[in-house]
Amino acid sequence: MKPKYTRLRGVRDILPEELIHWRDVELKAREIFRRYNYKEIETPIIEPAEIFIRTVGEETDIVRKEMYIFKDRGDRLVALRPEGTAPVVRAFLENKLYTPGKVSKFYYIGDMFRYDRPQAGRQREFHQIGIEALGEASYILDVEVISLLLSFLNELGLKNITLLLNSVGCPNCRTVYSSALREFFASRVEMLCEDCKERLGRNPLRILDCKVDTCRDIAGDAPSIMDYLCEDCKEHFDKVKEALTSAGIPYILDNRLVRGLDYYTKTAFEVKAEGFDFSIGGGGRYDGLVKELGGPDIPGIGFAIGMERLLEVLEGSGLLLSKMEVPDYFIAYEPDLVRDAIIFAERLRSRGFTVEISYTSKALKSQLREADRSKSRKAVIIKNELWINNRVILKDMTTGEQQEVESIKLEVCKFE
RNA sequence: GUGAAUGUAGCUCAACUUGGUCAGAGCGCUGGACUGUGGAUCCAGAUGUUGGGGGUUCGAGUCCCCUCAUUCACCCCA
């Protein structure tokens, strides 16, 4: 049978067996967030498109061609959220959660939408686990956020995670750097690939992480942002690096690390797993974002982890171990005892057991086949001659051993 | 948005360069051997508008065109 309706491109169903692993990961995340005192927040999937356009940046690909954007029936321009930071900041301001001198720390787990062509590690609907810490400019927070991220991955069992680190400066020094880059590349424009020629006008920083060899070679001689950081940004970055080093957190400086959203300032970072091309998460500071959304001038920092990507890495590393739970009992019965069987099943369920029952009242043979397929640990067989004495047959489906027991025993005993 | 590959039973895939017993296998499913006790073995059986549409041909999963979908890469990113 061919399905009449199928899912939209780029979205997928997460089936029970896989979802188990999602919940494991989420559980671990919540546990870590608790230890760092982050509180969960949930924002709508749909938002005024404006908040993304303003913060992510009009010239970014996300806004130019990847937003699910449309007008609702009230003629409002709305968007399915392409990322989590702007909504959290919006909620933070709208609910007046800020108090001077206090840091607000949030985490979220939810789905995001970007209208991309699907490929490995990329879907149109994808899920992120992210945090946002608002109200503190100190480098100490940067280090804590990075440390949280690495602890999380570490405690999931991942080794060989590399932390890539950069500073993207602030609007002041980045502008200077940007024009220096533009000047540099403009003199070599004829050697750049078509994409980079485009990037030269739009965002010269992007040329730095072009994959074309000739562009890479040229970019190798390009000026480094480290020579352009202003005093404040430089000092901040130095302190972050020092603190990471003294905390024993290894990192790789990557001056070509360019985050894709305009709101980032100062510290920018990504985490990658060995053997996987994509990064599984990234983040950074965004000290101007709250103000950009109409709030006070308070700083922020956060990161987001791609759930699907993380799971792919965990899968590839053999770290997905949880299995689906199987029923404790399967109730099989002689047909005229259906009602008794139903009631007995309910009693066991009310004691906390997972109980399946045959829905077909078929021959015992096929009921036991059902028991086998349901992967139940034990079968309970209810037969007339025993049932009148409140006894049932308890069969261990693994060993095949069976014994007569009092039915009440199953209710009061803990499952062995 | 650009480029490439793929699209055959529920699942994994055959049927090849050479259009003509080509609509198949394994797994799974149903039933039987086992007459009220699952799994193992053996035997039997069901299932497909070969993604969809059009064309070439006496004849097309097999060739051509269009379309849809999937996968991968680019752009970009989680």
Side-chain angles (χ1 to χ4, degrees), chain A residues 1-12 56-57 59-67 81-85 109-130 149 193-199 202-203 205-207 209-212 215 257-261 270-273 276-283 302-313 330 332-337 358 361-385 393-402:
Chain A
M1 270 254 279
K2 206 173 304 300
K4 187 171 178 185
Y5 301 107
T6 57
R7 60 179 191 267
L8 262 24
R9 157 170 283 174
V11 301
R12 43 181 67 260
V56 172
E59 291 300 310
T60 60
D61 277 33
I62 290 177
V63 168
R64 284 173 57 233
K65 54 180 205 183
E66 292 171 6
M67 274 226 284
R81 62 184 180 196
E83 61 100 36
T85 302
I109 299 176
D111 46 354
M112 309 293 161
F113 297 83
R114 287 181 204 172
Y115 196 86
D116 258 356
R117 285 284 287 273
Q119 67 181 70
R122 178 155 27 147
Q123 292 291 315
R124 288 185 174 178
E125 181 190 21
F126 59 100
H127 296 71
Q128 289 189 332
I129 297 178
L149 173 59
C193 70
E194 286 310 306
D195 287 329
C196 282
K197 285 175 183 159
E198 172 81 12
R199 291 176 180 121
R202 202 181 298 283
N203 185 353
L205 275 72
R206 289 245 149 268
I207 302 176
D209 64 354
C210 181
K211 283 165 190 147
V212 176
C215 297
L257 176 63
V258 181
R259 306 249 66 224
L261 296 76
E270 269 184 24
V271 281
K272 289 191 156 197
F276 294 86
D277 285 339
F278 49 73
S279 74
I280 58 187
F303 68 71
I305 295 167
M307 192 66 179
E308 285 85 351
R309 291 182 175 186
L310 175 58
L311 281 158
E312 190 174 329
V313 170
F330 186 97
Y333 49 89
E334 294 186 318
D336 54 317
L337 289 174
S358 173
S361 309
K362 288 190 298 194
L364 187 54
K365 181 189 178 75
S366 48
Q367 291 192 49
L368 278 164
R369 192 173 13 244
E370 289 177 60
D372 189 47
R373 294 210 181 125
S374 73
K375 302 212 165 61
S376 299
R377 288 200 260 258
K378 312 249 185 191
V380 176
I381 304 170
I382 303 180
K383 301 177 70 166
N384 272 303
E385 68 263 31
I393 294 171
L394 180 64
K395 175 164 186 149
D396 186 312
M397 295 301 285
T398 313
T399 64
E401 288 167 13
Q402 59 183 56

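Within every chain, numbering begins at 1; the chains are lettered A, B, ... in the order of the sequence lines, protein sequences first and strands thereafter. What you see is a predicted model, and the numbers here were worked out from it, not measured in a lab.
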A:E125 meets the side chain to side chain donor-acceptor pair (under 3.5 Å) criterion, sequence neighbours left out, with none

Practice task
Looking at every strand, decide which applies to A:L261 at a 4.0 Å heavy-atom threshold: base, sugar-phosphate, or nothing.
Solution key: sugar-phosphate

The salt bridge (Lys or Arg N to Asp or Glu O under 4.0 Å) partners of A:R206 (sequence neighbours excluded) come to A:D209

Rounded to whole Å, CZ of A:R7 lies from C1' of B:U71 at a distance of 12 Å

Between CG of A:D116 and P of B:C76 the distance, given in whole Å, is 11 Å

By salt bridge (Lys or Arg N to Asp or Glu O under 4.0 Å), A:K375 pairs with (sequence neighbours left out) none

Could you check whether A:I62 gets within reach of a base, just the sugar-phosphate, or nothing at all, counting any heavy atom under 4.0 Å?
-> nothing

Note to self: Give me the distance, rounded to whole Å, that separates B:A60 from B:G52 when you measure between the P atoms they each carry.
What the structure shows: 15 Å

The ring pair (Phe, Tyr, Trp, His ring centres under 6.0 Å) partners of A:F126 (sequence neighbours excluded) come to none

Taken to the nearest whole Å, CZ/A:R202 to C1'/B:C75 is 11 Å

Whether the side chain of A:K211 and the base of B:C74 hold a donor-acceptor pair under 3.5 Å is what I'd like checked.
no

Requested in this report: Using a strict 4.0 Å threshold on nitrogen-to-oxygen distance, state whether A:R369 and A:D372 make a salt bridge.
Outcome: no

| Between B:G61 and B:G7, how far is it from one C1' atom to the other, in whole Å? | 10 Å

Rounded to whole Å, the CG-P distance (A:D195 to B:C77) equals 12 Å

Pairwise C1' distance, B:C43 and B:A4 [rounded to whole Å] = 48 Å

Discussion item. I'd like to know if A:R114 reaches the base of B:A78 with its side chain such that a donor and an acceptor end up less than 3.5 angstrom apart.
Written reply: yes

query = Where the side chain of A:R309 meets the backbone of A:S279, is there a donor-acceptor pair that is under 3.5 Å apart?
reply = yes

**Prompt:** Using atom C1' of each nucleotide, how far apart are B:G3 and B:A78 to the nearest Å?
**Reply:** 24 Å

Across all chains, not counting sequence neighbours, the salt bridge (Lys or Arg N to Asp or Glu O under 4.0 Å) partners of A:E194 are A:K197

Relative to its sugar, using the 90° cut-off around 0, the base of B:G61 is syn

To the nearest angstrom, the CZ-C1' distance between A:F278 and B:C77 comes to 12 Å

**Message:** By the 4.0 Å heavy-atom rule, please label A:E308 as base, sugar-phosphate, or nothing.
**Reply:** nothing

With rounding to whole Å, what would you report as the distance between B:G59 and B:G20 at their P atoms? 15 Å

Per the under-4.0 Å heavy-atom filter, residues of residues 121-130 of chain A near RNA chain B come out as A:G121, A:R122, A:Q123, A:F126, A:Q128

Whole-Å distance, A:Q119 CD to B:C74 C1', equals 8 Å

A:K375 NZ to B:G28 C1', in whole Å, measures 12 Å

Those residues at least two apart in sequence (or on a different chain) that pass side chain to side chain donor-acceptor pair (under 3.5 Å) with A:R12 are none

For this session: State, with a plain yes or no, whether a side-chain heavy atom of A:I393 is found less than 4.5 Å away from one of A:V380.
Result: no

(request) Please state whether the base of B:C75 and the side chain of A:R64 form at least one donor-acceptor pair under 3.5 Å? (result) no

Note, RNA chain B 5' to 3' with Watson-Crick or G-U pairs under 3.5 Å encoded as ( ), [ ], | and . gives (((((((..((((......[...)))).(((((.......))))).....(((((..]....))))))))))))....

Looking only at side-chain N and O atoms, does A:R117 come under 4.0 Å of OP1 or OP2 in B:C75?
no

The side chain to side chain donor-acceptor pair (under 3.5 Å) partners of A:N384 (sequence neighbours excluded) come to A:E334, A:D336

request  = Could you measure between the two P atoms, the one in B:A25 and the one in B:U67, and give it in whole Å?
outcome  = 37 Å

Protein-nucleotides 39-44 of chain B N/O pairs closer than 3.5 Å?
from: B:G39; atom 1: O4'; to: A:D372; atom 2: OD2; distance (Å): 3.3
from: B:G39; atom 1: N2; to: A:M397; atom 2: O; distance (Å): 3.2
from: B:G39; atom 1: N2; to: A:T398; atom 2: O; distance (Å): 3.0

Sequence neighbours excluded, the answer for salt bridge (Lys or Arg N to Asp or Glu O under 4.0 Å) partners of A:E270 is A:R259

(request) Identify whether any heavy atom of A:T6 sits under 4.0 Å from a base atom; if not, whether one sits that close to sugar-phosphate; answer base, sugar-phosphate or nothing. (result) nothing

Between CZ of A:R373 and C1' of B:G10 the distance, given in whole Å, is 14 Å

Point to revise | Cation-pi check, A:R124 onto A:Y115 ring (under 6.0 Å, within 45° of axis) | key: yes

In short, A:E370 meets A:S358 closest at the heavy-atom pair OE2-OG, 3.1 Å

(request) Taking atom C1' in both B:C11 and B:G48, compute the distance separating them and give it to the nearest angstrom. (result) 14 Å

Residue pairs passing the salt bridge (Lys or Arg N to Asp or Glu O under 4.0 Å) test with at least one member in residues 110-123 of chain A, sequence neighbours excluded, are A:R81-A:D111, A:D116-A:R122

Spacing of the C1' atoms in B:A14 and B:U57 (rounded, Å):
26 Å

Contacts of A:G10 and A:N384 projected onto RNA chain B by closest heavy atom; the upstream (5') one is A:N384

Comparing A:A120 with A:M307, nearest RNA chain B nucleotide closer to 5' gives the residue A:A120

